[in-house]
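To start, the structure under review is shown below, and the notes come after it.
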Amino acid sequence: LQAVYPRPEDLPQFVGELEAMWAGQRLLTAKRLLPSVTGRPLRLMMTMSLPALDDADGTALVCLVDISEIDRLNAELDRSLARLRQANQELETFGKRAQQALDEGKLQLERFRLLRERDEAAKRLGFLFHRRERGSMVDPLELDAWLQRIDGHDASIARVLLRSSRPRAS
């Protein structure tokens, strides 16, 4: 037993194996840390075919597989995964900021478009007033329509300004 359970911390493993036999478990798999012939510690996956308690032979077949490299690769994979998660978080943050900048740019473009359309409507209304002052016939419904168009643009511009001044959720 000293070769398989060399340290006092190995006692729970030994007890676990005995409990598995007592419970009638026929197959036990456990990870173990044992020294190699050269003294280098090996991470081993131990699989045992446990004998029944009433088995006269009492032979337990044991298979030991060195999983040191697998554990090293798993640890390296975990570190890589942590770096990828961090990079993904940074990209998500950047994406949110970029989307906010794009949204703000769209609002500014919409505001400039509405300002331009309002200015064109005001220019048209000014032309109609000029014609009326010079004695030309101007339809009052047309004047009202252009005034309403300007009022509509002013309301739309106010809504765009309100949307662009709201704080963005991060």
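To the nearest 0.5 angstrom, Lys96 atom NZ is 13.5 Å from Asp103 atom CG. In this structure, Leu161 CG and Glu110 CD are separated by 11.0 Å, a value rounded to the nearest 0.5 Å. Going from atom CZ of Arg111 over to atom OG of Ser164 covers 7.5 Å, rounded to the nearest 0.5 Å. For the atom pair CG (Leu125) and CD (Glu120), the distance works out to 12.5 Å, reported to the nearest 0.5 Å. Distance CD1/Ile67 to CG/Leu73: 11.5 Å, rounded to 0.5 Å. Atoms CE and CZ, from Met137 and Arg132 in turn, are 10.5 Å apart once rounded to the nearest 0.5 Å.
For the pair Arg113 and Glu117, the salt-bridge criterion is met [side-chain N within less than 4.0 Å of a carboxylate O].
Linking Ile, Leu, Val, Met, Phe, Trp and Tyr residues whenever their side-chain heavy atoms come within less than 4.5 Å leaves Val65 and Met46 in two separate clusters. A continuous path of ILVMFWY side-chain contacts below 4.5 Å connects Val15 to Val62, so both sit in one hydrophobic cluster. Hydrophobic cluster membership is shared by Ile70 and Met45, with clusters built from Ile, Leu, Val, Met, Phe, Trp and Tyr side chains linked at under 4.5 angstrom.
Within a 6.0 Å radius of CZ in Phe127, other residues, nucleotides and ligands contribute 12 heavy atoms or fewer.
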Quick one: side chains of residues 139-159, donor-acceptor pairs under 3.5 Å with protein atoms, not counting sequence neighbours, listed by atom name and distance.
from, atom 1, to, atom 2, distance (Å)
Asp139, OD1, Leu141, N, 3.2
Glu142, OE2, Arg124, NH2, 3.2
Asp154, OD1, Arg118, NH1, 3.0
Ser156, OG, Gly152, O, 3.1
Ser156, OG, Arg159, NH2, 3.0

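Residue Ser68 comes nearest to Pro41 through the heavy atom pair OG-O, 4.5 Å, listed as atom of the first residue, atom of the second, then distance. Taking all atoms of both residues into account, the shortest heavy-atom contact from Leu107 to Arg163 is CD2-NH2, 2.9 Å.
With hydrogens and angles left out, the side-chain atoms of Gln86 and Glu90 include a donor and acceptor closer than 3.5 Å.
Listed by first and then second residue, the salt bridge (Lys or Arg N to Asp or Glu O under 4.0 Å) pairs that reach into residues 61-78 are Lys31-Asp71, Arg43-Asp71, Glu69-Arg72, Arg72-Glu76, sequence neighbours excluded.
At a threshold of 4.5 Å between non-hydrogen side-chain atoms, the residues Arg131 and Leu128 count as touching.
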